[in-house]
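Below: one structure, written as structure tokens.
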Amino acid sequence: MSLFFAPVVRSRARMPVRSFDRNFERFIDEMFVQPATRAPQLKEDENTWTVTLDVPGVSREDLSISVDGAVFRIQTRAEAARAYKVAYELPLEIDADATQAKLENGVLTLILAKRKPESKARQIQING
């Protein structure tokens with residue numbers, strides 16, 4: 001009688017997840033599952049912020065952009081083919097009247113003007 005020994009193979013479910021697997025899952029999520037959640041690109045100069053966001057498959061008629069103080073919101077109409085809703089807060093208030101938006105090839109570019117701070121200092125008369 002002969003004995004046969006075979007190594008025990010651990011199932012994949014019990015093996016620790018390799019970093020390659022996590023990176024691949026993150027790549028798939030970013031590319032196909034959550035394209036609207038990627039952080040926008042932000043550039044700043046003395047007078048404006050330039051924000052660039054990917055909004056593939058969204059038409060300009062379906063987009064709504066609003067500014068409230070230092071917060072800007074971007075969302076699609078309920079009937080739009082793709083749902084998109086996000087809000088970002090900047091460190092200073094935004095001048096909505098001087099802000100511009102452009103949508104080309106699924107890329108939304110916002111040029112958000114910085115509101116100039118208004119001095120609230122007042123002269124006080126000395127009575128006496």
Side-chain angles (χ1 to χ4, degrees):
M1 177 187 201
S2 65
L3 295 173
F4 182 82
F5 290 98
V8 175
V9 178
R10 296 176 70 182
S11 71
R12 181 147 173 79
R14 294 187 181 193
M15 292 180 70
V17 177
R18 298 181 314 205
S19 65
F20 172 78
D21 295 336
R22 283 192 301 266
N23 290 336
F24 182 72
E25 287 177 15
R26 189 177 309 123
F27 169 76
I28 294 298
D29 283 346
E30 288 176 359
M31 295 306 293
F32 302 108
V33 178
Q34 304 168 340
T37 61
R38 279 190 258 165
Q41 294 179 354
L42 179 67
K43 294 179 185 173
E44 181 179 7
D45 63 26
E46 187 177 314
N47 299 316
T48 62
W49 292 283
T50 302
V51 180
T52 306
L53 297 126
D54 291 334
V55 289
V58 177
S59 69
R60 69 187 81 214
E61 293 81 20
D62 289 338
L63 274 177
S64 170
I65 303 168
S66 63
V67 172
D68 183 15
V71 177
F72 68 96
R73 290 179 175 80
I74 304 165
Q75 65 183 15
T76 54
R77 297 182 309 144
E79 309 84 41
R82 296 190 118 190
Y84 188 81
K85 184 175 184 179
V86 67
Y88 294 101
E89 183 173 7
L90 295 172
L92 298 172
E93 287 196 12
I94 302 165
D95 185 355
D97 295 331
T99 293
Q100 301 172 7
K102 180 173 69 169
L103 179 65
E104 288 182 341
N105 301 322
V107 177
L108 177 65
T109 303
L110 298 171
I111 300 173
L112 304 164
K114 296 178 182 179
R115 182 176 299 279
K116 302 292 182 200
E118 296 177 14
S119 174
K120 295 183 180 183
R122 302 285 183 242
Q123 290 290 340
I124 305 297
Q125 292 285 344
I126 302 173
N127 296 325

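The first residue in the sequence is number 1, and the count goes up from there.
We find the CG-CG distance between D54 and N105 to be 11.0 Å, quoted to the nearest 0.5 Å. Separating the OG1 atom in T48 from the CD1 atom in I94 is a distance of 11.5 Å, to the nearest 0.5 Å. Remark: R60 CZ to E104 CD distance equals 7.5 Å, nearest 0.5 Å. L103 CG to E61 CD: the interatomic distance, rounded to the nearest 0.5 Å, is 9.0 Å.
Note on residues 93-121: no pairs pass ring-ring contact (aromatic ring centres under 6.0 Å, His included), not counting sequence neighbours. Pairs engaging residues 68-79 under the salt bridge (charged side-chain N to carboxylate O under 4.0 Å, His left out) rule: D62-R77, R77-E79 [sequence neighbours left out]. Pairs engaging residues 103-128 under the ring-ring contact (aromatic ring centres under 6.0 Å, His included) rule: none recorded [sequence neighbours left out]. Residue pairs meeting the ring-ring contact (aromatic ring centres under 6.0 Å, His included) criterion with at least one member in residues 46-76, sequence neighbours excluded, are F72-Y88.
Both I65 and L42 are assigned to one and the same hydrophobic cluster, defined by single-linkage of ILVMFWY side chains at heavy-atom distances under 4.5 Å.
Remark: side-chain polar atoms of T76 are paired, donor with acceptor, to backbone N or O of Y84 under 3.5 angstrom.
Listed by chain and number, the residues in a side chain to side chain contact (heavy atoms under 4.5 Å, CB included) with T109 are T50, T52, V107 (sequence neighbours excluded).
In this structure, A70 and L92 approach most closely via the heavy-atom pair CB-O, 3.3 Å. Shortest non-hydrogen contact noted between D95 and T99 is O-OG1, 2.8 Å.
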Result block: side-chain N/O donor-acceptor pairs under 3.5 angstrom for residues 110-128, not counting sequence neighbours:
from: K114; atom 1: NZ; to: E44; atom 2: OE2; distance (Å): 2.6
from: K114; atom 1: NZ; to: D45; atom 2: O; distance (Å): 2.8
from: K116; atom 1: NZ; to: N47; atom 2: OD1; distance (Å): 2.8
from: S119; atom 1: OG; to: A121; atom 2: N; distance (Å): 3.3

